[in-house]
Number of protein chains: 4
Amino acid sequence: MAPRTKKQFENIREEKKKLIMTVALELFGSDGYHTTSISDIARKADISKGLLYNYFDSKEELIREIINSGIDKLAKLIDPNRDGVLTKGELRYFIENFFILLIEEQKFWKLYFSLFLQAPVLALVEDRLRRLIASYFLMLTNYFESQGYEDPQIESLMFGAILDGIGFNFVTSLSDFPVDRVKEKMIKMYCK
Amino acid sequence: MAPRTKKQFENIREEKKKLIMTVALELFGSDGYHTTSISDIARKADISKGLLYNYFDSKEELIREIINSGIDKLAKLIDPNRDGVLTKGELRYFIENFFILLIEEQKFWKLYFSLFLQAPVLALVEDRLRRLIASYFLMLTNYFESQGYEDPQIESLMFGAILDGIGFNFVTSLSDFPVDRVKEKMIKMYCK
Amino acid sequence: MAPRTKKQFENIREEKKKLIMTVALELFGSDGYHTTSISDIARKADISKGLLYNYFDSKEELIREIINSGIDKLAKLIDPNRDGVLTKGELRYFIENFFILLIEEQKFWKLYFSLFLQAPVLALVEDRLRRLIASYFLMLTNYFESQGYEDPQIESLMFGAILDGIGFNFVTSLSDFPVDRVKEKMIKMYCK
Amino acid sequence: MAPRTKKQFENIREEKKKLIMTVALELFGSDGYHTTSISDIARKADISKGLLYNYFDSKEELIREIINSGIDKLAKLIDPNRDGVLTKGELRYFIENFFILLIEEQKFWKLYFSLFLQAPVLALVEDRLRRLIASYFLMLTNYFESQGYEDPQIESLMFGAILDGIGFNFVTSLSDFPVDRVKEKMIKMYCK
DNA sequence: TATGAATGAGACTTCATTCAT
DNA sequence: TATGAATGAAGTCTCATTCAT
């Protein structure tokens, strides 16, 4: 009888927003952004189409929030103590956590990769993402330099490419990618 | 003037078909499959929409032919003498040609990568592609085994992942990817 | 504190209803009926959408009440002593009050004019309005006849048209309409 | 069998475009811009919704073209010899043609009036319209001055208001407005 | 009385595809 | 072979209205 409190409303909103984002990521990840319709998302989330627009201004806004939330996790992965310098221990930590994130958030990674392949979608978050990647590239290069590698820049590029390639192959080969063995290989290659 | 022979007509037809596919690949590659409309393609190819349907039964058929034609080139790259065995020389040849193909056909590679990220589109060519990749993976594994690598399977996976990663980074980073230096690094790593 | 009496409750209700109508008129007047959403009104009135429906059964009902309330004022303007006869003094009184009403209730007049231009909306109040206008037209015609005008009917039509035209131009030209000078002109024309 | 010529296509386009504009004006005029849906227009024009968008980029573009085409006629009405000066004969010509236009294009005038009452729609053509009106106002004022009127500016305003009022009453009172007698009255008032 | 989440019909718009010429 | 007008299904989004609390 008494109206819901502000807190109650907030909870409802938060829960439902998370639900929508989860469902949408799921579908965007498996079928792609354009192939997934708002109707699809609403149906799978078991809500009306209209309600979705109560939470997100547009389909574009929805994917932007999903991606940004993914980038947040990525940012945490990189340089956890935020001093801009990478130690050998941190590199290992990074590799291990990369694989954890990869496995836990497969759908996000699919979205992440397809993001780069579609100019219009990429534009939504490009700046932030490029900056994040650039900062990590710098840290890596410094690290390889300090370890005495011959061409630290190429080394960084290769390191990044390998991770991208592994990620791509993993999220792309339905289920039979031996991710654990590949992880060990990476650690052997870079942290022995 | 003598009427055109059947042969001539076929040539014209073939030319126009190639034109459409080139234009379509260009647009699919830069803007994405769903974002590119049949109208866009027809306009850029300077033909009518109707004529396009004279050559391709549907948009899906069009992309399928484009991808298959790309896969043809890929297939030629792999095991050129088709004996199912890879020699050291052939591996080097493969790497070098991979980079040539990568640079010449950037747009195709973008399409190729996005292919894997969209289940519905992938379905169109999945079988052939998976078979091609599997056959190459086998050849590679045999090769690494013959070279005495400890874990040839992982080695193959890594090799594939690296190429994918490099390709992905190249087609994705607009222009500043030092592809030549990366190629040298690959050759140093695998063909020294 | 003593509980509020029934009377008090009714007063509060009446106040809130008036508030909603004022806000709605404001928005309908400046943005138009269809362009203004219930949400807009609720937000500006600082109440919930639900509460608005506690006072008005529908958006249509809301505008109908607003218009009827406006027509009430109009009716008061016309023939204040309700004897159906217009004297020279009353005509002057009418003109002067018309201008006062025009200035005070610009937003209502905008709504009033647009009312006539939209068949579906007009239907809501058409009868009452047509009757009111007809009755005034009759009074005017009688008046002009009694004053010896040659064609009292046309005279009435022109008089009405002039007022409408002035009103229309006033509410329509943002701010620079010299309403006072026009009023003087009208008085000179009709009440010299 | 042979494809249609360019000319044929142009004719089709022109005819159909005119049809759509006529139907749309009809509906916008009687029911209002927002109340009239694209479906309504397509149904009445006996075409598909999609085709409408082959001719107009948006509903807004459609109304803009309709209004601009109306303003074209208006512009022709004003100062036919385009010397910026109004003679007594031209004023009479103007009045008479105003009434002709009013009768012939009732629906446009309804749209024209409602245009001024809705800020967002007005914005589409505001500049052009304001300029046109301003230029006519100037000509009128000069004219009344040359004729020795006491307050030419007010005289112009009144003249414009009367025409607006007449037009408004005419397009608004379904059928019983004695437009001919009112015209005579106007001529008597201004061109005697 | 009061809230705002939730619904669903319907609006505008796009686009692959067809077809008369 | 070649054109582009025409269709219709489906997509994104809005909004009056309802209802549990």
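Worth knowing before you read on, the calculation uses all heavy atoms, side chains too, and leaves out hydrogens, waters and symmetry mates. What you see is a predicted model, and the numbers here were worked out from it, not measured in a lab. Numbers restart at 1 for each chain; the letters A, B, ... are given by sequence-line order, proteins then strands.
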Inset, instruction - Look at the side chain of Thr36(D) and the backbone N and O of Leu27(D), then say whether any donor-acceptor pair between them is shorter than 3.5 Å. - result: yes

Inset, instruction - Check whether any side-chain N or O of Arg4(D) sits under 4.0 Å from OP1 or OP2 of dA5(F), and answer yes or no. - result: no

Inset, instruction - Looking at every strand, decide which applies to Thr36(D) at a 4.0 Å heavy-atom threshold: base, sugar-phosphate, or nothing. - result: sugar-phosphate

Legend entry - Between P of dT21(F) and CG of Asn11(A), the distance in whole Å: 15 Å

Inset, instruction - Cation-pi check, Lys59(B) to Phe28(B): give yes when NZ or CZ is under 6.0 Å from the six-membered ring centre and within 45° of the ring axis, no otherwise. - result: no

Inset, instruction - Starting at atom CG of Leu27(C), determine the distance to atom P of dC15(F), rounded to an integer number of angstrom. - result: 13 Å

Inset, instruction - For dG4(E), take OP1 and OP2 only and decide whether either is under 4.0 Å from a side-chain N or O of Arg13(A). - result: no

Legend entry - Atom pair distance, as rounded to whole Å: CD in Gln8(D) and C1' in dC19(E): 15 Å

Inset, instruction - For Leu52(D) and dA11(E), give me the distance from atom CG to atom P, rounded to whole Å. - result: 14 Å

Inset, instruction - Keeping the roles fixed (side chain from Asn68(C), backbone from Glu65(C)), state whether a donor-acceptor pair exists under 3.5 Å. - result: no

Inset, instruction - Kindly say if Asn54(A) contacts the phosphate of dA5(E), meaning a side-chain N or O under 4.0 Å from OP1 or OP2. - result: yes

Legend entry - Residue whose nearest DNA chain F nucleotide is more 5′ - Lys16(B) or Ser39(C): Lys16(B)

Inset, instruction - Tell me whether the OP1 or OP2 atom of dA5(F) has a side-chain N or O from Tyr55(D) closer than 4.0 Å. - result: no

Inset, instruction - Find the partner of dG4(F): check Watson-Crick (N1-N3 plus N6-O4 or O6-N4) and G-U wobble (N1-O2, O6-N3) distances, both under 3.5 Å, and reply none if neither fits. - result: dC19(E)

Legend entry - Nearest-nucleotide comparison on DNA chain E, the residue closer to the 5′ end among Asp46(A) and Lys59(B): Asp46(A)

Legend entry - Separation of dA16(F) C1' from Arg64(C) CZ (nearest whole Å): 15 Å

Inset, instruction - Identify whether any heavy atom of Ile38(A) sits under 4.0 Å from a base atom; if not, whether one sits that close to sugar-phosphate; answer base, sugar-phosphate or nothing. - result: sugar-phosphate

Legend entry - Ion pair check, Asp72(D) and Arg128(D), cut-off under 4.0 Å: yes

Inset, instruction - Would you tell me if any nitrogen or oxygen in the side chain of Tyr53(A) comes within less than 4.0 Å of OP1 or OP2 on dT14(F)? - result: no

Inset, instruction - Give me the ring orientation class for Phe116(C) and Tyr112(C): parallel if the planes are under 30° apart, tilted from 30 to 60°, perpendicular past 60°. - result: perpendicular

Legend entry - Integer-rounded Å distance: dT1(E) P and Glu14(C) CD: 13 Å

Inset, instruction - Could you check whether Phe56(D) gets within reach of a base, just the sugar-phosphate, or nothing at all, counting any heavy atom under 4.0 Å? - result: nothing

Legend entry - Short N-O contact, Arg64(C) and Glu60(C), less than 4.0 angstrom: yes

Legend entry - Atom pair distance, as rounded to whole Å: CZ in Phe9(A) and P in dA20(F): 13 Å

Legend entry - Atom-to-atom span, NZ of Lys17(D) to C1' of dG4(F) - whole angstrom: 16 Å

Inset, instruction - Between Asp40(A) and Lys6(D), name the one whose nearest nucleotide on DNA chain F is closer to the 5' end. - result: Lys6(D)

Inset, instruction - Once you apply the 3.5 Å cut-off to both distances, tell me the Watson-Crick or G-U wobble partner of dT12(F), or none. - result: dA11(E)

Legend entry - Position toward the 5' end of DNA chain E (nearest nucleotide), Glu60(B) or Ser48(A): Ser48(A)

Inset, instruction - Give Ile12(A) one of three labels, base, sugar-phosphate or nothing, depending on what nucleic acid heavy atoms sit under 4.0 Å from its own. - result: sugar-phosphate

Inset, instruction - Please check the phosphate of dA9(F) (OP1 and OP2 only) for any side-chain N or O of Lys49(D) closer than 4.0 Å. - result: no

